[in-house]
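To start, the structure itself, in structure tokens.
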Amino acid sequence: MQAAPASALSVLADPPARMVDSAVMDYLLIEVVNALRVSSAVASARAKKIECDMVEAGLVLPPAPAPPAKQHNPRDSASNTSSKVSGSGDEDEGVRSRLEAIGMHVGGNFAERLCRDRPLFSDSLDVIKFVCKDLWVSCWDKQVDNLRTNHRGVYVLQDNAFKPIARISSWEGRQEALKQAKLYVVLPAGIIRGALSRIGFHGTVVPEITTLPQCTFQIKLPKNT
């Protein structure tokens with residue numbers, strides 16, 4: 001068998017970078033949240049139908065009545081006409097868990113790509129600096145604005161203009177916009193957690209939003225890492 005040319009092997013080992021528009025991630029996140037919200041509503045309706053059938057058959061007791069669900073305003077910047085199906089708290093929790101799972105997969109792949117030519121991380125502070133610089137620039141085009149730590153495994157990363165929530169607003173006021181933004185930072189939190197897990201640092205990532213477009217992420221890692 002004839003050996004492949006060296007140039008072909010180098011292309012396979014280090015494929016050329018393919019550029020995409022910087023707004024693609026924003027549009028993708030909007031559609032992902034809307035699609036998962038509708039999907040979770042369908043799954044919740046299916047589960048409720050099964051529960052009703054079991055109640056009618058006398059197999060289980062009827063559940064307590066739930067409060068009416070609030071409809072999403074189609075004029076909000078973070079929703080569109082396809083997201084008119086409003087979910088309950090359980091449905092929103094289903095959206096969050098699925099967004100986090102997608103983010104962990106994406107973050108793990110990012111970490112593999114970015115760490116390919118790097119030495120092993122010596123401690124947790126080094127890996128947090130990697131997240132603040134390399135991962136943040138690759139995903140959100142800038143570095144973290146502020147990093148704080150208590151030197152006991154807790155790190156607080158602050159981005160004063162976090163890109164995924166920079167354009168979120170609501171006709172119902174600032175509080176409703178903050179409520180919507182909390183759903184849109186679940187995927188980025190999953191990306192951070194997935195990157196850390198792929199490197200070998202397993203912990204928790206909790207996003208917090210008090211003022212748009214500022215966002216902080218609290219990362220807790222085991223003390224022995």
Side-chain angles (χ1 to χ4, degrees), residues 22 24-26 28-30 32-33 36 40 78 89 92-168 175 177-225:
S22 60
V24 167
M25 188 64 180
D26 297 339
L28 177 62
L29 182 57
I30 291 173
V32 165
V33 171
L36 291 182
S40 296
D92 284 344
E93 187 60 33
V95 174
R96 289 187 179 91
S97 62
R98 295 169 74 178
L99 281 172
E100 185 179 23
I102 294 172
M104 289 190 65
H105 180 73
V106 173
N109 291 340
F110 260 111
E112 286 186 0
R113 177 85 175 174
L114 297 174
C115 296
R116 184 187 60 180
D117 300 322
R118 293 177 60 102
L120 294 176
F121 295 99
S122 58
D123 55 19
S124 59
L125 183 58
D126 283 342
V127 76
I128 293 298
K129 289 180 178 178
F130 161 78
V131 170
C132 293
K133 296 179 180 180
D134 301 62
L135 183 65
W136 227 266
V137 170
S138 298
C139 293
W140 302 296
D141 300 328
K142 64 187 291 290
Q143 295 185 13
V144 167
D145 293 308
N146 190 18
L147 168 63
R148 302 191 303 272
T149 178
N150 63 356
H151 300 285
R152 292 193 295 271
V154 178
Y155 303 88
V156 178
L157 285 59
Q158 179 175 312
D159 192 323
N160 295 329
F162 194 47
K163 189 175 180 181
I165 59 174
R167 298 181 179 88
I168 289 183
Q175 292 302 318
L178 284 172
K179 180 181 177 182
Q180 293 181 14
K182 291 178 181 179
L183 186 61
Y184 282 79
V185 295
V186 175
L187 180 66
I191 291 176
I192 299 170
R193 185 182 170 198
L196 292 171
S197 299
R198 191 66 59 90
I199 297 171
F201 290 78
H202 302 279
T204 61
V205 180
V206 180
E208 182 179 355
I209 304 173
T210 55
T211 304
L212 291 172
Q214 186 183 93
C215 184
T216 60
F217 294 87
Q218 185 182 86
I219 301 175
K220 292 183 180 181
L221 299 175
K223 295 181 181 180
N224 57 351
T225 56

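Side chains are part of it too, since the values below use all heavy atoms of this structure and drop only hydrogens, waters and symmetry mates. Treat the numbers as computed from the prediction; the structure is a model and nothing was measured.
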| field | V206 vs F217, side-chain contact (heavy atoms from CB on, under 4.5 Å): CA-CA, chis, key distance, verdict | value | CA-CA 6 Å; V206 180; F217 294 87; over 6 Å; no
| request: With rounding to the nearest 0.5 Å, note down the distance linking SG in C132 to CD in Q158. | output: 11.5 Å
| task | Can you measure from CG (D159) to SG (C215) and round to the nearest 0.5 angstrom? | result | 7.5 Å
| field | From CG (N146) to CZ (R148), nearest 0.5 Å | value | 5.5 Å
| field | 4.5 Å side-chain heavy-atom contact, P207 and V186 | value | no
| task | I would like to know whether I209 and Q214 meet side-chain contact (heavy atoms from CB on, under 4.5 Å); could you show each step before the answer? | result | CA-CA 6 Å; I209 304 173; Q214 186 183 93; over 6 Å; no
| task | Answer whether the closest heavy-atom distance between the side chains of Q218 and E208 falls below 4.5 Å. | result | no
| remark: In terms of heavy-atom contacts, R193 and G203 come closest through NE-O, 3.7 Å
| task | Decide yes or no for R198 and M104: does some side-chain heavy atom of the first lie under 4.5 Å from some side-chain heavy atom of the second? | result | no
| remark: CD1 of I102 to CG of L99, rounded to nearest 0.5 Å, is 6.0 Å
| task | Side-chain contact test, heavy atoms from C-beta onward, threshold under 4.5 Å: evaluate it for E100 versus L187 and give yes or no. | result | no
| request: For L29 and P164, work out which heavy atoms get closest and say how close. | output: CD2-CB, 3.9 Å
| query | Are Y184 and F162 close enough, and set up right, to give a ring pair (Phe, Tyr, Trp, His ring centres under 6.0 Å), and what steps lead you there? | reply | CA-CA 11 Å; Y184 282 79; F162 194 47; over 10 Å; no
| Reported OG1-to-CD1 distance for the pair T204 and I219, which is rounded to 0.5 angstrom | 8.5 Å
| query | Do L157 and V144 come close enough that some side-chain heavy atom pair is under 4.5 Å? | reply | yes
| request: Mind running side-chain contact (heavy atoms from CB on, under 4.5 Å) on D126 and F130 for me, showing each step along the way? | output: CA-CA 6 Å; D126 283 342; F130 161 78; over 6 Å; no
| What distance do I191 atom CD1 and L196 atom CG have between them, rounded to the nearest 0.5 Å? | 12.0 Å
| field | Sidechain-backbone polar pair: T149 side chain, V154 backbone, donor-acceptor under 3.5 Å | value | yes
| said: Whether the side chain of D145 engages the backbone of N160 through a donor-acceptor N/O pair (distance < 3.5 Å, no angle test) should be reported. | reply: yes
| CZ (R152) with more than 12 external heavy atoms under 6.0 Å | no
| query | What pair of heavy atoms forms the shortest contact from Y155 to L125, and how long is it? | reply | OH-N, 3.7 Å
| For the residue pair A177 and L212, what are the closest heavy atoms and their distance? | CB-CD1, 3.8 Å
| query | Looking only at heavy atoms, what is the nearest atom pair of P213 and I165, with distance? | reply | O-CD1, 3.7 Å
| query | Under 4.0 Å between a Lys/Arg side-chain N and an Asp/Glu carboxylate O for D134 and R118? | reply | yes
| said: Ring-plane angle category for F121 and F201, please: parallel below 30°, perpendicular beyond 60°, tilted otherwise. | reply: perpendicular
| request: Would you mind reporting whether V131 and K129 have side-chain heavy atoms less than 4.5 Å apart? | output: no
| query | Does L221 reach the side chain of I128, with side-chain heavy atoms less than 4.5 Å apart? | reply | yes
| message | For a 4.5 angstrom cut-off between non-hydrogen side-chain atoms, does I192 reach W136? | response | yes
| query | Counting only heavy atoms not in K220, do more than 12 sit closer than 6.0 Å to its NZ atom? | reply | no
